[in-house]
**Student:** 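Can you read through this structure? Questions will come right after.
Atoms within a ligand are numbered from 1 in the order they appear, just like the ligands themselves.
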Amino acid sequence: MFFPSYRARRMRANPTVRRMVRETTLTPDDFIYPMFVTHGKGVKNEVSSMPGCYQQSVDNLVKDCAEVHSLGVPAVILFGIPKKKDAKGSEAYDDKGIVQQAIRAIKDKLPDLMVITDVCLCEYTDHGHCGILQGDQILNDPTIELLAKEALSHAKAGADMVAPSDMMDGRVAAIRDTLDENGFTDTPIMSYAVKYASAFYGPFREAAESTPSHGDRRSHQMDPANAREAMREAELDVDEGADIIMVKPALPYLDIIYRLRENTDMPIAAYNVSGEYSMVKAAAKMGWVDGERVMMESLMSIKRAGADMILTYFAKDAARVLNR
Ligand SMILES: [Zn+2]
């Protein structure tokens with residue numbers, strides 16, 4: 001018989017008391033903004049399925065980074081679109097590659113903006129797979145050698161952090177060893193530790209031009225049905241030297257973020273992926289939902305589940321709301 005002595009509504013009665021009892025707060029510090037960089041000059045092509053997101057040449061990318069920085073967002077993560085794709089994804093580890101050029105240009109103008117780089121081969125291979133192929137099979141060990149080379153090339157260009165997204169086995173250790181041997185002992189690794197084979201990546205593949213020419217990514221990305229396996233994947237990456245572990249996608253996997261939060265003291269990142277972004281944008285455009293409120297509620301829920309940082313295409317929009 002708690003009622004009427006206990007009335008939960010007292011703590012919701014007005015904005016001031018709601019502020020006082022609020023358990024989770026978002027700030028622009030929580031966000032990492034994903035960006036797509038392409039060759040050329042003056043290029044700014046909107047990704048049709050991701051309104052407000054662009055493939056940009058380095059000059060425009062740097063301008064956009066200045067805006068990200070001025071909004072108080074601490075970091076960006078870069079994805080490259082190469083000039084030429086080949087079977088081994090050569091531009092991924094070319095010191096003159098597009099991501100390497102972008103890193104140097106951003107760090108030159110905005111030394112405090114943290115530049116994280118996505119480390120994978122799928123944007124750079126002509127078959128669109130994340131590694132070296134033999135028939136239909138992705139060869140694990142030859143692939144991680146190339147990934148380590150790619151990470152080193154990014155670090156040499158000035159990347160502040162590298163983020164392997166390939167889901168090959170042993171790649172965090174291979175990258176850590178290569179970075180250390182070359183004097184980059186202080187470059188952290190954010191590993192896409194728990195990455196599911198998800199349909200929510202659809203719009204990203206348009207943005208990064210990385211759709212596999214055949215087959216899918218189920219031989220390396222995780223089965224959406226598995227949660228315990230996620231704990232093992234995260235543990236492996238931490239043992240191999242990951243500094244931050246990521247769960248991707250975010251909203252359909254809040255339970256995984258929460259479980260991981262209960263299981264580890266490592267910083268956790270969550271990737272609020274393209275499909276999660278595009279659905280909100282599309283529904284808002286149709287007038288079916290209040291896009292701004294759905295955006296803020298989604299980001300809040302990811303943080304409440306236990307994420308310390310959120311990779312999100314909403315970073316700039318959400319920072320603007322928070323800075324108001
Ligand atoms: Zn990949």
**Student:** Thinking salt bridges, do Asp237 and Arg171 make one under a 4.0 Å N-O criterion?
**Tutor:** yes

**Student:** Has Lys248 got its NZ or CZ under 6.0 Å from the middle of the six-membered ring of Phe204, at an angle within 45 degrees of the ring axis?
**Tutor:**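 Positive - Lys248 is close enough to the ring of Phe204 and near enough to its axis.
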
**Student:** Could you please tell me which protein N, O or S atoms lie under 2.8 Å from the Zn ion (ligand 1)?
**Tutor:**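 Near the Zn ion (ligand 1), below 2.8 Å, one finds Cys120 SG, Cys122 SG, Cys130 SG.
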
**Student:** With a distance cut-off below 6.0 Å to the six-membered ring centre and an angular limit of 45° from the axis, does Lys88 pair with Tyr93 as a cation-pi contact?
**Tutor:** no

**Student:** Between Glu292 and Arg324, is there a side-chain N and carboxylate O pair less than 4.0 Å apart?
**Tutor:** yes

**Student:** Taking NZ, NE, NH1 and NH2 as the nitrogens, is one of them in Asp308 or Arg261 under 4.0 Å from a carboxylate oxygen of the other?
**Tutor:**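 Salt bridge between Asp308 and Arg261, a charged N being under 4.0 Å from a carboxylate O: yes.
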
**Student:** Sequence neighbours left out, what passes salt bridge (Lys or Arg N to Asp or Glu O under 4.0 Å) with Asp118? Give chain and number order.
**Tutor:**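 Residues passing salt bridge (Lys or Arg N to Asp or Glu O under 4.0 Å) with Asp118: none at all.
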
